[in-house]
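The figures that follow rest on heavy atoms only: side chains count, while hydrogens, waters and symmetry mates do not. This is a predicted model, so every value here is computed, not measured.
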2 protein chains.
Amino acid sequence: MRRDIFQAIADPTRRAIMTIIALQAMTPNAIADHFNCTRQSISKHLRILTECKLVKPEQQGREIYYSLEIEKIKEIDKWLNPFRKIWETRFNQLDNVLSTIKKQKK
Amino acid sequence: MRRDIFQAIADPTRRAIMTIIALQAMTPNAIADHFNCTRQSISKHLRILTECKLVKPEQQGREIYYSLEIEKIKEIDKWLNPFRKIWETRFNQLDNVLSTIKKQKK
DNA sequence: TATATATGCAACTATTCGGTTTCACAAATT
DNA sequence: AATTTGTGAAACCGAATAGTTGCATATATA
């Protein structure tokens with residue numbers, strides 16, 4: 001059972017759940033209303049998201065409110081960093097090329 | 001056959017391949033040297049990465065050099081944007097709290 | 001207390017996934 | 001021309017995945 005954030009966000013339904021509860025915490029039933037699959041299926045997705053800490057359950061009476069653990073999402077951003085550096089460098093290089101052309105025009 | 005970037009980066013081997021060829025384009029054989037699985041397995045991963053445009057093949061004689069398509073990776077960054085807004089907002093709110101405390105100390 | 005509601009868990013199923021082995025083909029080398 | 005080298009594709013396999021149905025449990029409500 002691999003269970004890391006990358007595998008978690010691979011599923012489109014789970015990404016959708018993340019988007020929905022980003023705005024406000026919600027119960028599994030309320031979440032399931034947004035999809036045309038069973039509540040149990042959503043429950044399973046929530047378990048996976050909870051296991052890798054992308055989501056946090058909070059019991060309130062017999063209801064459980066799930067909310068986004070925004071800190072965990074930063075890990076994806078962190079993974080992007082080296083690649084971001086590459087595209088920023090390329091952008092700067094393009095910038096240099098453009099300013100060189102500008103100078104030549106002068 | 002689902003085939004989007006999120007499913008592509010879900011696999012750790014594929015993420016490793018991306019990191020390796022980020023520095024310089026490489027042939028499948030050269031890439032496979034970094035892993036203890038068969039070249040064919042790497043070839044399969046490269047097919048998936050190519051299909052969703054995260055990687056670009058360039059034939060050179062009988063060799064094929066694979067390089068990173070950095071532009072495509074930006075799509076993940078783009079997906080992160082709404083979440084980034086959330087954590088930036090929270091950071092600002094924390095910042096406000098801190099400056100309020102500071103003022104009170106004065 | 002009896003019933004309805006909210007939820008998670010287990011068992012099952014079809015499909016997908018990552019890997020291997022085997023093969024085919026084209027380019028380089030002898 | 002024969003052989004070696006670099007590569008992709010197909011067939012197969014075991015494990016994982018996403019979904020379902022059915023059940024158990026706990027909290028609210030009548």
Side-chain angles (χ1 to χ4, degrees), chain A residues 1-21 24-69 72 76 79, chain B residues 1-21 24-69 72 76 79:
Chain A
M1 227 184 283
R2 216 185 338 132
R3 201 123 292 178
D4 58 276
I5 21 171
F6 293 99
Q7 187 261 346
I9 65 163
D11 185 82
T13 305
R14 283 196 287 269
R15 287 200 303 279
I17 291 175
M18 288 171 68
T19 304
I20 289 171
I21 65 170
Q24 58 176 336
M26 272 178 131
T27 65
N29 264 321
I31 296 167
D33 283 344
H34 292 77
F35 301 90
N36 40 4
C37 61
T38 60
R39 178 194 55 77
Q40 283 89 338
S41 169
I42 298 297
S43 191
K44 245 179 159 182
H45 283 304
L46 285 170
R47 193 158 76 93
I48 290 167
L49 289 169
T50 307
E51 272 174 17
C52 63
K53 306 266 174 69
L54 276 166
V55 137
K56 182 183 60 190
E58 230 166 318
Q59 191 99 28
Q60 234 169 79
R62 71 178 158 182
E63 291 179 325
I64 299 173
Y65 282 85
Y66 284 87
S67 61
L68 207 58
E69 285 267 55
K72 195 68 178 181
I76 299 158
W79 173 76
Chain B
M1 226 186 282
R2 216 188 337 133
R3 202 123 293 178
D4 58 276
I5 20 171
F6 293 100
Q7 187 261 345
I9 65 164
D11 185 82
T13 305
R14 281 195 289 267
R15 288 201 302 279
I17 291 175
M18 287 171 67
T19 305
I20 290 172
I21 65 169
Q24 57 177 336
M26 275 179 128
T27 65
N29 265 322
I31 296 168
D33 284 342
H34 292 77
F35 301 90
N36 40 4
C37 63
T38 60
R39 177 194 55 79
Q40 283 88 339
S41 169
I42 298 297
S43 191
K44 245 178 158 183
H45 284 304
L46 285 171
R47 194 158 76 95
I48 291 167
L49 288 168
T50 307
E51 273 175 16
C52 63
K53 303 270 174 68
L54 276 166
V55 138
K56 183 184 58 190
E58 230 165 317
Q59 191 99 27
Q60 234 170 80
R62 69 178 159 183
E63 291 179 326
I64 300 173
Y65 282 85
Y66 284 87
S67 61
L68 207 58
E69 285 266 56
K72 195 68 177 180
I76 299 157
W79 174 76

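- Distance CD1/A/Ile76 to CD1/B/Ile76: 9.0 Å, rounded to 0.5 Å.
- With D/dT17, D/dG19, C/dG19 as the choices, the nucleotide that has an atom nearest any side-chain atom of A/Gln7 turns out to be D/dT17.
- OP1 or OP2 of D/dT5 has not a single side-chain nitrogen or oxygen of B/Asn29 nearer than 4.0 Å.
- Side-chain atoms of A/Arg3 lie closest to D/dT17 of the nucleotides D/dT17, C/dG19, C/dG8.
- Put simply, the side chain of B/Ser43 never gets that close to the backbone of B/Arg39: no donor and acceptor are under 3.5 Å apart.
- We find that CZ of B/Arg47 is positioned 16 Å from P of C/dT20, with the value rounded to whole Å.
- The shortest non-hydrogen separation linking A/Arg15 to A/Ile9 is NH1-O, 2.7 Å.
- Taking atom CD1 on A/Ile64 and atom C1' on D/dA28, their separation rounds to 15 Å, with Å as the unit.
- Residue order along DNA chain D, read from the 5' end via each residue's closest nucleotide, puts B/Ala30 first among A/Lys44 and B/Ala30.
- As rounded to whole Å, 13 Å separates atom P of D/dA18 from atom CD1 of A/Ile9.
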Could you walk me through whether A/Glu51 and A/Arg47 pass the side-chain contact (heavy atoms from CB on, under 4.5 Å) check? CA-CA 6 Å; A/Glu51 272 174 17; A/Arg47 193 158 76 93; 3.2 Å; yes
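- Remark: P of D/dT17 and CG of A/Asp4 are 10 Å apart, rounded to the nearest angstrom.
- Here the CD atom belonging to B/Glu58 is positioned 13.0 Å from the CD atom belonging to B/Glu63, to the nearest 0.5 angstrom.
- Residue B/His45 has a polar side-chain atom (N or O) positioned under 4.0 Å from OP1 or OP2 of C/dG19.
- At whole-Å resolution of the value, CG in B/Leu49 and C1' in C/dG18 are 13 Å apart.
- Minimum heavy-atom separation, A/Ile42 to A/Pro28: CG2-O, 4.2 Å.
- Heavy atoms only, all atoms of each residue included: A/Lys72 and A/Cys52 are closest at CE-O, 3.3 Å.
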Nucleic acid footprint by protein, nucleotides 23-30 of chain C - heavy-atom cut-off 4.0 Å, B for base, S for sugar-phosphate alone: ----BS--
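- Proximity of A/Thr38 to the phosphate of D/dG19: no side-chain N or O atom is located under 4.0 Å from OP1 or OP2.
- What you find for A/Pro57 and A/Tyr66 is that their closest heavy atoms are CB-CE2, 3.6 Å.
- Recorded end-axis angle for the helix from C/dT1-D/dA30 to C/dT30-D/dA1 stands at 10°, based on five pairs per end and rounded to 10 degrees.
- With rounding to whole Å, B/Ile42 atom CD1 is found 14 Å from D/dT7 atom C1'.
- For the pair B/Ala8 and B/Arg14, the tightest heavy-atom approach, listed with the atom from each and the gap, is O-NE, 2.7 Å.
- Under 4.0 angstrom from either OP1 or OP2 of C/dG8 there lies at least one side-chain N or O belonging to A/Tyr66.
- OP1 and OP2 of D/dA9 both lie 4.0 Å or more from every side-chain N or O belonging to B/Ser43.
- The side chain of A/Thr27 has C/dT7 as its nearest neighbour among C/dA11, C/dT7, D/dT7.
- Straight-line distance from the CD atom of A/Glu58 to the P atom of C/dT7: 14 Å, rounded to whole Å.
- Put simply, the side chain of B/Gln59 gets close to the backbone of B/Gly61: a donor and an acceptor are under 3.5 Å apart.
- As a whole-Å value, the separation of B/Arg14 CZ from C/dT16 C1' is 12 Å.
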